[in-house]
Q: 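Before I ask anything, here is the structure I am working with.
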Amino acid sequence: MSGTTTQPVPHPRTRSWWGWGWEDAHPDDAECAAMGALLPGTLARPLPVPRACDLRIEDPAVEPPASLAHLIDTDPRQRASHAMGKAYRDVARALRGRPGRIPDLVARPTDDREVADLLDWAGERQVAVVPYGGGSSVSGGVEYRGDAHRAVMSLDLTSMDRVLEVDARGRAARIQAGTLGPSLEDQLRPHGLTLRHFPQSFEFSTLGGWLATRAGGHYATGRTHIDDFVQSLRVVTPAGTGTSWRLPASGAGPSPDRLFLGSEGALGVITEAWVRLQERPAHKASASLSFTDFHAALEAVRALAQSDLSPANCRLLDSGEAALSGAAHDGSAVLVLGFESADGSVTSRLEQAVDLARSHGGRRAAASSSADGAPADAAVSAWRAAFLRMPYLRDGLARMGAVAETFETAATWDRIPALIEAVRAEVGEAALKATGHPATVNCRLTHVYPDGAAPYFTVLAAGRPGDEVAFWDDLKAVASDVLHRHHATITHHHAVGRDHRPGYDRQRPEPFALALRAAKGALDPRGILNPGVLVD
């Protein structure tokens, strides 16, 4: 007797409108409660998962012309999902049913001409335009604040998602800005090439978003930012459309690309870019070392950054961060090292790096065998798994009324030790004073340079129920003051957005601010592009 077996139809995954990532990947109520129990002062039970249908969403304040109507979405859930990014303060607001100004329209252009037409119409009607990629902003970069505009349009570029051209000989590609990380890599894979830019938000962010925010990526040394991969940009502005020449390098005056890299949609909409690629790495090796002395570990990392070894991964976790990720539970700091190459073995470089770290007191962890028989390092594997899972756990803690958030910076080596200690002490003290409960302030180094490093801080604290956002804003203000005193940047790779504007305004030289305002006035004379970001 023969028969057929019906295979289940895969159910498409749904992005969370209010929190990080996929709806089905969020911790359930029991896991939220278990995490909350580890932080005294949190809620007795988790806040309910918010529903977009429970929000009061007004009808759009404007109606697009018939010529653009096919590009516009007014579905309430879509509008709610485009109202804000994925920072802790965004999640906390959504949990309390206060997501802020919900855009009137979500526009999805498919080419440059449609972007230009949308900008022209928005300018005529005084509609604010907020460019939107994957929506993973953690600095208030994709939301509208204020009431100076008649309406708000979220300009979602994810329909512009193709690799348009590949130059295999020159190892470069012309790619549309709305291409999400996984799709970008899938389209490059048949050519044997890769951009190899993997921020933590890789799955939920776009090439245009990386460019507009000067995102940091996979490499801990060398090519740490998306800037390093850019050959040319195409940008649509209310004043016209321009494309820079595709060049390996140029000394012809100030770089046009540099004007728009990091501009966060305030000066124009990046629609495509030529980016440098590389062959896919075929050789990889990793190891971890533990340190009982965090300052000795800092010296080890400095020595590695100033060597010519160029590790792809060189992340130092302090004892708290190592425990949080499962990389160590004995109070040690952990250094995670990784090397990769498309051309040949990297084992010797890894061993040299390990020897250098050992000379500063590091102890190498014993390697075991993975399922395929290859050497594996338990601390490296634990860190990698925690790195990808952490944003979901943050949202679970937010449901318990806790503050669980991160911020990053960069400073020169002579300032790094005092900076880290000051952040730990002053943010911890502010949290204790506000709640009566001690906070955890951990630190890791995510990117390192010969002249400095990028500390990345994690803050875990009991919240103030119903007042979580204001509490976090107070802690962030304390942290920002510490960064300013130590001449550490307000952000290393998470962009300025609206949340970092006060710190950015203090950091930049006034003549540069004057030039930036002039550029804004020339390119966006009606002031519709992402108002409140970078300049007023």
Side-chain angles (χ1 to χ4, degrees), residues 71 82-87 90 100-101 103 105-109 112 114-123 126-146 148-149 151-160 176-180 201 205-215 226-227 230 233-242 244 256-273 491 493-501 504 516-517 519-536:
L71 303 175
H82 286 71
M84 56 190 180
K86 302 301 181 185
D90 302 325
R101 175 72 178 266
L105 310 169
V106 177
R108 292 188 173 87
D112 288 0
E114 291 175 351
V115 172
D117 289 345
L118 287 162
L119 294 185
D120 287 345
W121 171 75
Q126 270 299 292
V127 174
V129 179
V130 180
Y132 188 99
S136 62
S137 169
V138 292
S139 57
V142 295
E143 67 175 278
Y144 178 86
R145 296 178 189 170
H149 293 78
V152 179
M153 178 171 67
S154 178
L155 188 68
D156 187 321
L157 296 172
T158 53
S159 292
M160 301 174 68
Q176 289 183 305
T179 310
L180 288 159
S201 62
S205 55
T206 63
L207 173 62
W210 302 340
L211 297 167
T213 61
R214 299 183 66 193
I226 192 66
D227 314 29
V230 174
L233 295 180
R234 183 166 175 82
V235 184
V236 178
T237 80
T241 299
S244 60
D257 296 335
R258 287 285 175 179
L259 178 64
F260 294 104
L261 286 167
S263 64
E264 302 188 49
L267 303 179
V269 180
I270 299 171
T271 58
E272 64 181 59
T491 176
H493 60 260
H494 279 161
V496 175
R498 292 163 180 82
D499 296 346
H500 292 148
R501 262 299 297 277
Y504 179 63
L516 193 57
R517 293 187 196 102
K520 173 74 170 176
L523 297 171
D524 181 25
R526 288 169 167 156
I528 61 168
L529 283 176
N530 217 1
V533 167
L534 297 183
V535 291
D536 294 321

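Fair warning: this is a prediction, and the values are worked out from it, not measured in the lab.
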Q: Got a sec, which residues hit side chain to side chain donor-acceptor pair (under 3.5 Å) with Asp536, two or more places apart in sequence or on another chain?
A: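 Result, side chain to side chain donor-acceptor pair (under 3.5 Å) vs Asp536: Arg501.
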
Q: So how far is it from Arg258 CZ to Ser263 OG, rounded to the nearest 0.5 Å?
A: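 That separation rounds to 12.5 Å.
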
Q: State the CG-CG distance between Leu534 and Leu267, to the nearest 0.5 angstrom.
A: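 So the gap between those two atoms works out to 7.0 Å.
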
Q: Between Asn530 and Gly141, which heavy-atom pair has the shortest distance, and what is it?
A: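 Result for this residue pair: ND2-O, 3.1 Å.
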
Q: Could you pull out all residues at least two apart from Ser137 that satisfy side chain to side chain donor-acceptor pair (under 3.5 Å)?
A: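 None.
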
Q: Give the minimum heavy-atom separation between Thr206 and Leu180, together with the two atoms involved.
A: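 Nearest heavy atoms, Thr206 then Leu180: CG2-CD2, 3.7 Å.
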
Q: Could you list the residues that satisfy side chain to side chain donor-acceptor pair (under 3.5 Å) with Arg214, not counting sequence neighbours?
A: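 Only Asp227 meet the side chain to side chain donor-acceptor pair (under 3.5 Å) criterion with Arg214.
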
Q: Any salt bridge linking Asp524 with Lys520? Criterion: basic side-chain nitrogen under 4.0 Å from a carboxylate oxygen.
A: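 Answer for the salt bridge query: yes.
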
Q: Holding to ring pair (Phe, Tyr, Trp, His ring centres under 6.0 Å), I want the full list of residues that pass it with His500, two or more places apart in sequence or in another chain.
A: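 In terms of ring pair (Phe, Tyr, Trp, His ring centres under 6.0 Å), with neighbours along the sequence ignored, His500 is linked to no residue.
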
Q: The criterion is side chain to side chain contact (heavy atoms under 4.5 Å, CB included); which residues satisfy it with Ala116, sequence neighbours excluded?
A: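 Partners of Ala116 under the side chain to side chain contact (heavy atoms under 4.5 Å, CB included) test: Arg113, Val236.
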
Q: List the steps and the verdict of side chain to side chain contact (heavy atoms under 4.5 Å, CB included) for Leu157 and Val115.
A: CA-CA 9 Å; Leu157 296 172; Val115 172; 4.3 Å; yes

Q: Check whether any side-chain heavy atom of His494 sits under 4.5 Å from a side-chain heavy atom of Thr213, and report yes or no.
A: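 The answer is no; the side chains never approach within 4.5 Å.
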
Q: The criterion is ring pair (Phe, Tyr, Trp, His ring centres under 6.0 Å); which residues satisfy it with Tyr144, sequence neighbours excluded?
A: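 His149.
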
Q: Among all residues two or more places apart in sequence or in another chain, which pass the side chain to side chain contact (heavy atoms under 4.5 Å, CB included) test with Ser201?
A: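 Scan of Ser201 (side chain to side chain contact (heavy atoms under 4.5 Å, CB included), adjacent residues dropped) gives Trp20, Ser136, Pro199, Ser205.
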
Q: Can you sort out the partners of Asp156 under side chain to side chain donor-acceptor pair (under 3.5 Å), two or more places apart, ordered by chain and number?
A: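 Per chain and number, Asp156 pairs via side chain to side chain donor-acceptor pair (under 3.5 Å) with His82, Thr158.
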
Q: Under a 4.5 Å cut-off applied to non-hydrogen side-chain atoms, are Val533 and Val130 in contact?
A: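 No - every pair of side-chain heavy atoms lies 4.5 Å or more apart.
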
Q: Considering non-hydrogen atoms only, spot the tightest contact between Gly497 and Glu264 and give its length.
A: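 Of all heavy-atom pairs spanning Gly497 and Glu264, the closest is N-OE1, 2.8 Å.
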
Q: Search all heavy atoms of Arg498 against all heavy atoms of Pro531 and return the closest pair with its distance.
A: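 Of all heavy-atom pairs spanning Arg498 and Pro531, the closest is NH2-O, 2.8 Å.
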
Q: Using the side chain to side chain contact (heavy atoms under 4.5 Å, CB included) criterion, which residues pair with Ala107? Sequence neighbours excluded.
A: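 Here the qualifying residues are Ile72, Leu118, Met153, Leu155.
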
Q: Mind checking the CG-OG1 spacing from Leu207 to Thr179? Nearest 0.5 Å is all I need.
A: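 One finds 6.5 Å between CG of Leu207 and OG1 of Thr179.
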
Q: Output all residues satisfying salt bridge (charged side-chain N to carboxylate O under 4.0 Å, His left out) with Arg145, sequence neighbours left out; order by chain, then residue number.
A: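 So Arg145 forms a salt bridge (charged side-chain N to carboxylate O under 4.0 Å, His left out) with Glu143, Asp499.
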
Q: Please report the shortest heavy-atom distance between Pro256 and Ser244, naming the atom on each side.
A: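 Minimum heavy-atom separation between Pro256 and Ser244: CG-CB, 4.0 Å.
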
Q: Shortest non-hydrogen contact from Ile528 to Gly123?
A: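 Result for this residue pair: CD1-N, 3.7 Å.
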
Q: List in chain and number order the residues that pass salt bridge (charged side-chain N to carboxylate O under 4.0 Å, His left out) with Glu272, two or more places apart in sequence or in another chain; answer none if no residue qualifies.
A: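 Glu272: salt bridge (charged side-chain N to carboxylate O under 4.0 Å, His left out) contacts with Arg174.
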
Q: Return the set of residues passing side chain to side chain contact (heavy atoms under 4.5 Å, CB included) with Val235 (not counting sequence neighbours), or none when no residue passes.
A: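 For Val235, the residues satisfying side chain to side chain contact (heavy atoms under 4.5 Å, CB included) (neighbours in sequence not counted) are Leu233, Thr237, Phe260, Ile270.
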
Q: CG of Leu71 to CG of Leu105: how many Å apart, nearest 0.5 Å?
A: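 Leu71 CG to Leu105 CG: 11.0 Å, rounded to 0.5 Å.
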
